[in-house]
Amino acid sequence: MQRSFWLRRWAIGLGLVLLLGALASPSRAQSLEVVGYAGALGEWEVTATMTPRSSWWNKEFAGALTMRHVGICTQSGPEEKTGELRLQLSASRLSGTLTVAGDVCSLSAYLSDAYKGVLTCDGGRTTPLTLWLREPKAGS
């Protein structure tokens, strides 16, 4: 009887610790740097610095985005557009939205040597996309 009493107390204590761990806010994720390219010929260079957002199920990030047109048809210097990038990471999948100049595109990519997928923009227009994610270097 004494043994079962202590066993029950131990089990209840363990259950409370697990429950509190599950209810606690998600652990603070690290910021991310995003680099990559978009377009059939990779003519748009994509860069972003992302900060973590709270989420219970996925790792979510948001931040400012810069796209530079680096294709050979650039005439008076590279065209540059700025906007916002929102990402959700889960296992080997990346999804989110990219907003530039009022154009909102959804993105979906899967991890191989990089995250490779497509941007789907207004009117169903699709653009190939390749992204790499990394933690920022210390001091940057």
Side-chain angles (χ1 to χ4, degrees):
M1 182 163 146
Q2 183 74 5
R3 184 175 184 207
S4 67
F5 170 77
W6 288 109
L7 185 59
R8 267 196 318 261
R9 288 193 81 176
W10 180 82
I12 289 170
L14 178 62
L16 285 173
V17 167
L18 293 174
L19 179 63
L20 289 174
L23 293 177
S25 63
S27 63
R28 183 157 173 85
Q30 296 295 317
S31 295
L32 289 178
E33 287 182 356
V34 178
V35 294
Y37 53 88
L41 301 173
E43 61 270 21
W44 287 96
E45 176 185 85
V46 177
T47 58
T49 300
M50 312 290 292
T51 56
R53 301 287 183 204
S54 295
S55 171
W56 288 101
W57 306 110
N58 296 318
K59 293 180 182 176
E60 294 186 6
F61 298 87
L65 164 86
T66 302
M67 294 180 71
R68 290 183 62 214
H69 189 266
V70 293
I72 59 172
C73 58
T74 306
Q75 293 184 9
S76 59
E79 178 183 357
E80 191 168 288
K81 298 180 180 183
T82 58
E84 181 183 37
L85 182 61
R86 292 182 175 270
L87 298 176
Q88 295 86 39
L89 289 156
S90 56
S92 61
R93 185 169 188 268
L94 179 68
S95 60
T97 58
L98 181 148
T99 306
V100 174
D103 197 11
V104 179
C105 305
S106 63
L107 66 93
S108 179
Y110 291 91
L111 183 61
S112 57
D113 58 329
Y115 284 96
K116 294 183 178 183
V118 294
L119 286 171
T120 304
C121 299
D122 294 336
R125 177 175 43 116
T126 62
T127 304
L129 177 71
T130 301
L131 297 175
W132 289 269
L133 310 179
R134 66 178 184 207
E135 291 182 15
K137 296 175 185 170
S140 60

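Just so you know, residue 1 is the first one in the sequence shown, and it goes up from there.
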Handout entry: Passing candidate, side-chain contact (heavy atoms from CB on, under 4.5 Å) with F61, options L85, T51, L89
Key = L89
Practice task
Starting at CG of L32, measure out to CG of L133 and round the result to the nearest 0.5 Å.
Solution key: 5.5 Å
Exercise for the section: I would like to know whether V35 and T47 meet side chain to side chain contact (heavy atoms under 4.5 Å, CB included); could you show each step before the answer? Expected result: CA-CA 5 Å; V35 294; T47 58; 4.2 Å; yes
Practice task
Indicate yes or no: does K81 engage D103 in a salt bridge with an N to O separation below 4.0 Å.
Solution key: no
Handout entry: Interatomic spacing from CG in L98 to CD in E84 - rounded to 0.5 Å
Key = 9.5 Å
Exercise for the section: Treat each ILVMFWY residue as a node, draw an edge where side-chain heavy atoms are under 4.5 Å apart, and state whether Y37 and L107 are in one component. Expected result: no
Handout entry: Polar side chain donor-acceptor pair, T99 to R86, under 3.5 angstrom
Key = no
Practice task
Determine whether L111 and V118 fall in the same hydrophobic cluster, where Ile, Leu, Val, Met, Phe, Trp and Tyr are linked whenever their side-chain heavy atoms lie under 4.5 Å apart.
Solution key: no
Exercise for the section: Any chance you could measure D122, atom CG, to C105, atom SG, to the nearest 0.5 Å? Expected result: 6.5 Å
Problem - Common cluster, Y115/V34, ILVMFWY with side-chain heavy-atom separation under 4.5 Å - result: yes
Practice task
Identify the heavy atoms of P136 and S31 that sit nearest to each other, and give their distance.
Solution key: CD-O, 3.1 Å
Handout entry: Gap separating the CD atom of E60 from the CD atom of Q88, nearest 0.5 angstrom
Key = 5.0 Å
Fill in the blank from the handout: Minimal heavy-atom distance between A48 and L65, with the atoms involved, is CB-CA, 4.1 Å
Practice task
With rounding to the nearest 0.5 Å, note down the distance linking CG in L94 to OG in S108.
Solution key: 8.0 Å
Practice task
Identify the two heavy atoms, one from A114 and one from T130, that lie closest to each other, and give their separation to 0.1 Å.
Solution key: CB-CG2, 3.7 Å
Problem - Distance in Å, E33 CD paired with E135 CD, rounded so as to fall on 0.5 Å steps - result: 10.0 Å
